[in-house]
Chemist: 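Below you will find the structure I want to go over with you.
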Amino acid sequence: MTRGSYLPFGGGSRKCIGDVFGMTEATLALAAIAGRWRMRPIPGTKIRPRPQMSLTAGPLRMIPEPR
Ligand code: HEM
């Protein structure tokens, strides 16, 4: 990844002070969800990466199935 290409928390002197907390919380939330549910995109969905503040595929509607 190129330096400065991923900026979900901004950068420079006003960069988010909650970045580590935010990434930790997101990782734990993802683990809690993915441990219980299998997520798959609605059939026929084209996944197109969109470069915004960070690289996103959204909005991406998913179907949750219990594991
Ligand atoms: C996923 C979660 C979060 C995202 C995506 C996020 C994103 C951002 C962004 C984009 C900025 C602006 C940076 C700039 O102006 O260059 C910011 C600023 C800030 N964030 Fe977060 N943030 C998150 C979580 C948090 C948390 C958990 C806290 C506090 C516990 C926090 C506290 C702050 C503060 C105080 C600023 C202002 C910093 C300044 O202006 O000096 N953020 N955040």
Side-chain angles (χ1 to χ4, degrees):
M1 189 188 310
T2 310
R3 186 179 165 89
S5 63
Y6 182 67
L7 296 167
F9 299 101
S13 58
R14 306 309 299 261
K15 181 176 176 295
C16 179
I17 58 162
D19 58 348
V20 174
F21 180 91
M23 286 303 283
T24 305
E25 192 177 37
T27 303
L28 293 174
L30 180 62
I33 293 166
R36 294 167 178 79
W37 301 89
R38 190 184 308 275
M39 307 293 287
R40 63 183 172 89
I42 289 174
T45 303
K46 269 200 167 160
I47 301 174
R48 274 189 298 243
R50 298 186 332 183
Q52 297 183 331
M53 187 72 167
S54 61
L55 194 62
T56 176
L60 180 59
R61 298 181 68 195
M62 308 288 279
I63 300 171
E65 293 163 352
R67 285 185 185 272

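Values reported hereafter were calculated over all heavy atoms of this structure, with side chains retained and with hydrogens, waters and symmetry mates removed. Whatever order the structure lists them in is the order used to number ligands and atoms, beginning at 1. Nothing here was measured: the structure is a model prediction, and the numbers come from that model.
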Chemist: For ligand 1, note which part of F9 has a heavy atom under 4.0 Å away: side chain, backbone, both or neither.
Modeler: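 The answer is both, backbone and side chain.
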Chemist: Can you tell me if M39 has over 12 outside heavy atoms packed within less than 6.0 Å of its CE?
Modeler: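 Buried by this count: over 12 neighbours within 6.0 Å.
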Chemist: Within a strict 4.5 Å, meaning less than it, do heavy atoms of the P59 and R50 side chains meet?
Modeler: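 They are in contact (side-chain heavy atoms under 4.5 Å apart), so the answer is yes.
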Chemist: Report the member of A29, G18, A26, C16 with the shortest heavy-atom distance to atom 20 (N) of ligand 1.
Modeler: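 Looking at heavy atoms only, the winner is C16.
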Chemist: Starting from atom 32 (C) of ligand 1, what is the nearest protein heavy atom, named by residue and atom, and what distance separates them?
Modeler: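 Checked against all protein heavy atoms, atom 32 (C) of ligand 1 sits closest to I17 CG1, 3.7 Å.
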Chemist: Give the residue, atom name and distance (to 0.1 Å) of the protein heavy atom nearest atom 27 (C) of ligand 1.
Modeler: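 The closest one turns out to be F21 CD2, 3.4 Å.
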Chemist: Under a single-linkage definition using a 4.5 Å side-chain heavy-atom cutoff for Ile, Leu, Val, Met, Phe, Trp and Tyr, are I63 and W37 assigned to the same hydrophobic cluster?
Modeler: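 I63 and W37: separate clusters.
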Chemist: Any atoms of ligand 1 less than 4.0 Å from a non-hydrogen atom of P8? List them with their elements.
Modeler: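 Listed by number with element, the hits are 5 (C), 7 (C), 10 (C).
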Chemist: Judged by atom type as modelled, is there a donor-acceptor pair below 3.5 Å linking the side chain of R14 to the main-chain atoms of G10?
Modeler: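 No; judged by distance alone, with no hydrogens or angles, the pair does not exist.
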Chemist: Could you tell me which atoms of ligand 1, counted from 1 in the order shown, lie closer than 4.0 angstrom to a heavy atom of G10?
Modeler: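 Counting atoms of ligand 1 from 1, those under 4.0 Å from G10 are 10 (C), 13 (C), 16 (O).
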Chemist: How long is the gap from CD on Q52 to CG on L7, to the nearest 0.5 Å?
Modeler: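 Q52 CD to L7 CG: 13.5 Å, rounded to 0.5 Å.
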Chemist: Taking E65's backbone N and O only, do any of them form a donor-acceptor pair with R40's side chain (distance below 3.5 Å, no angle check)?
Modeler: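 No, because the side chain of R40 does not come within donor-acceptor range (under 3.5 Å) of the backbone of E65.
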Chemist: Nearest to atom 16 (O) of ligand 1, what protein heavy atom do you find, and at what distance?
Modeler: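 Result for atom 16 (O) of ligand 1: R14 O, 3.4 Å.
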Chemist: Under 4.0 Å from atom 37 (C) of ligand 1, is there at least one protein heavy atom?
Modeler: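 Protein heavy atoms within 4.0 Å of atom 37 (C) of ligand 1 - there are none.
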Chemist: I need the atoms of ligand 1 closer than 4.0 Å to a non-hydrogen atom of G11, numbered in the order shown.
Modeler: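 Ligand 1 atoms under the 4.0 Å threshold to G11: 16 (O).
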Chemist: Would you check if the side chain of T45 reaches a backbone N or O of P41 as a donor-acceptor pair within less than 3.5 Å?
Modeler: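 No: the side chain of T45 does not pair with the backbone of P41.
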